[in-house]
There are 2 protein chains.
Amino acid sequence: MTGSLTIGTLAKQAAVNVETIRFYQRRRLLDEPDKPPGGIRRYTQTHARRIRFIKEAQKLGFGLDEVADLLALEDGRHCREVEEIAGHKLAVVRERMTQLSKIEKLLVVLVGRCHGNSGKVRCPLIASLESATA
Amino acid sequence: MTGSLTIGTLAKQAAVNVETIRFYQRRRLLDEPDKPPGGIRRYTQTHARRIRFIKEAQKLGFGLDEVADLLALEDGRHCREVEEIAGHKLAVVRERMTQLSKIEKLLVVLVGRCHGNSGKVRCPLIASLESATA
DNA sequence: ATTGACTCCGTACTTAAGTACGGGGATAGA
DNA sequence: TCTATCCCCGTACTTAAGTACGGAGTCAAT
């Protein structure tokens, strides 16, 4: 049955180390299912999804504390909290997208300029990001 | 004159710790100006810009090794290298933008749904990211 | 000429995020 | 049944990215 995983298979499904799962549990990012007396814990696809979410969010530059904020939203919160957390994250996310799109444009230009050429190229990558940074 | 900084003022301008600058120099992310015999090194705005760039790139989820790749582009490279590095980074950047925009949409929905409401809200944040992840 | 702030450099410590290890228990297949 | 493989849990180690520390030299203003 695909609805009941041991920690090992969960780890495989979510493509992380078993120890990482236990680490997330300690950090309260992932709940620890009750242990059947004298036994082995069972996990679900919900756990797997949450782990993958954590990993994705990390790639986007969020630290585990920030990921915890995001997960708090997922877990259901009162509106005032939601507005505060979500509003703040929204600003962060948008800022990041802006910066990324600047880098993206520059990379595109660079690759294009380069195509079929075999000399040296130099690009104003930094300057361009800067104009937004200032 | 604004064109000649000591490491201390450079640190202030770039909003980092002096030690961080020295650390970046060790990591070859930032060049170390020649030391006038028996003396104190002088930095320029170019250094400050580069440091700010490093910091921005980090916020976007790039590690220092990846930042080094980006800086290699800035520093001028042969076309084959540029196409390789830039092309690869471009894919990464686009992937990140996609993920961010998913999170963004969800946050917007969440905040909107919440507005003027005072109960509890729950959101399918994870599920949405997931659909892209899979 | 002296003092206070700053630089230089090497070494060591810290924080975040894992990873690894090891003893002891459970469990499933030969 | 026995043995291999996996789980549980605590403790300790690792890696990336800084930060801090301390002694010795330097510079600028008093």
Side-chain angles (χ1 to χ4, degrees), chain A residues 1-44 47-48 50-72 92, chain B residues 1-44 47-48 50-72 92:
Chain A
M1 197 220 297
T2 171
S4 177
L5 319 168
T6 66
I7 199 171
T9 50
L10 172 62
K12 234 157 255 169
Q13 282 212 11
V16 296
N17 196 307
V18 168
E19 307 302 327
T20 302
I21 293 173
R22 294 181 19 72
F23 173 69
Y24 288 168
Q25 288 174 333
R26 269 176 251 138
R27 288 285 301 260
R28 325 297 232 83
L29 294 171
L30 193 65
D31 88 295
E32 196 163 352
D34 297 327
K35 185 171 64 169
I40 282 172
R41 275 177 247 277
R42 292 295 168 158
Y43 298 83
T44 68
H47 291 97
R50 186 172 272 238
I51 294 168
R52 283 191 291 264
F53 177 83
I54 294 169
K55 284 294 168 194
E56 285 300 321
Q58 279 186 304
K59 272 191 223 153
L60 301 177
F62 294 102
L64 292 186
D65 286 351
E66 293 181 285
V67 173
D69 288 347
L70 258 3
L71 290 171
V92 172
Chain B
M1 198 222 295
T2 172
S4 177
L5 318 169
T6 66
I7 200 172
T9 51
L10 172 62
K12 233 156 255 167
Q13 283 211 12
V16 297
N17 195 306
V18 167
E19 307 301 329
T20 302
I21 293 173
R22 293 181 21 71
F23 174 69
Y24 288 167
Q25 289 174 334
R26 270 176 251 140
R27 289 286 302 259
R28 326 294 232 86
L29 294 170
L30 192 66
D31 87 296
E32 195 164 353
D34 297 327
K35 184 169 65 169
I40 281 170
R41 276 177 248 277
R42 291 296 168 156
Y43 298 84
T44 67
H47 291 97
R50 187 173 270 240
I51 295 168
R52 283 191 291 263
F53 177 84
I54 295 169
K55 284 295 170 193
E56 285 299 321
Q58 280 186 304
K59 272 190 223 154
L60 302 176
F62 294 102
L64 292 186
D65 287 350
E66 293 181 285
V67 173
D69 288 346
L70 259 3
L71 290 171
V92 172

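Chain identifiers are assigned alphabetically (A, B, ...) following the order of the sequence lines, protein sequences preceding nucleic acid strands; residue numbering begins at 1 within each chain.
At the heavy-atom level, A:R41 lies under 4.0 Å from the strands shown only through sugar-phosphate atoms. Within 4.0 Å (heavy atoms only), A:R27 reaches sugar-phosphate atoms of the nucleic acid but no base atom. Within the 4.0 angstrom heavy-atom criterion, only backbone atoms of the sugar-phosphate kind lie near A:E32; the bases stay farther away.
In this model, the phosphate group of C:dA17 is not approached by any side-chain N or O of A:T20 to a distance below 4.0 Å at OP1 or OP2.
Atom P of nucleotide C:dT19 and atom CD1 of A:I7 are separated by 14 Å, given to the nearest angstrom. Regarding B:L64, its CG atom lies at a distance of 4 Å from the P atom of D:dA17, rounded to whole Å. For the pair B:E19 CD and C:dC8 C1', the interatomic distance rounds to 10 Å; values are reported in whole Å. What separates CD1 of B:I40 from P of D:dG25 is a distance of 13 Å, to the nearest Å. Atoms OH (A:Y43) and C1' (D:dC7) sit 9 Å apart, rounded to a whole Å. Rounded to whole Å, atom P of D:dC8 lies 8 Å from atom CD of A:Q25. Taking atom CZ on A:R22 and atom P on D:dT11, their separation rounds to 12 Å, with Å as the unit. Remark: P of C:dC9 and CD1 of B:I21 are 14 Å apart, rounded to the nearest angstrom.
Across A:I51 and A:A14, no two heavy atoms sit closer than the pair CG2-CB, 3.6 Å. Taking both residues in full, the closest heavy atoms of A:Q58 and A:L64 are given as NE2-CD2, 3.4 Å, listed atom of the first, atom of the second, then distance.
In terms of position on DNA chain D, the residue among B:I54 and A:V18 whose nearest nucleotide sits closer to the 5' end is A:V18. Between A:Y24 and B:R42, the residue whose closest nucleotide on DNA chain C is further toward the 5' end is B:R42.
Relative to the side chain of B:N17, the nucleotides D:dC8, C:dA17, D:dT19 differ in distance, and D:dT19 lies closest. The B:F23 side chain lies nearest to D:dG18 when the options are D:dG18, C:dG18, D:dC7. The side chain of B:K35 lies closest to C:dC9, out of C:dC9, D:dG18, C:dC6. Minimum atom distance to the side chain of B:R26 is reached by D:dT19, of the listed D:dT19, C:dC9, C:dG18.
Applying side-chain contact (heavy atoms from CB on, under 4.5 Å) to A:Y43 and the options A:L10, A:T9, A:T6 leaves one that passes, A:L10.
Salt bridge absent: B:R50 and B:D31 never bring a charged side-chain N and a carboxylate O closer than 4.0 Å.
Formation of a donor-acceptor pair under 3.5 Å by the A:R42 side chain with backbone atoms of A:I7 is not found in this model.
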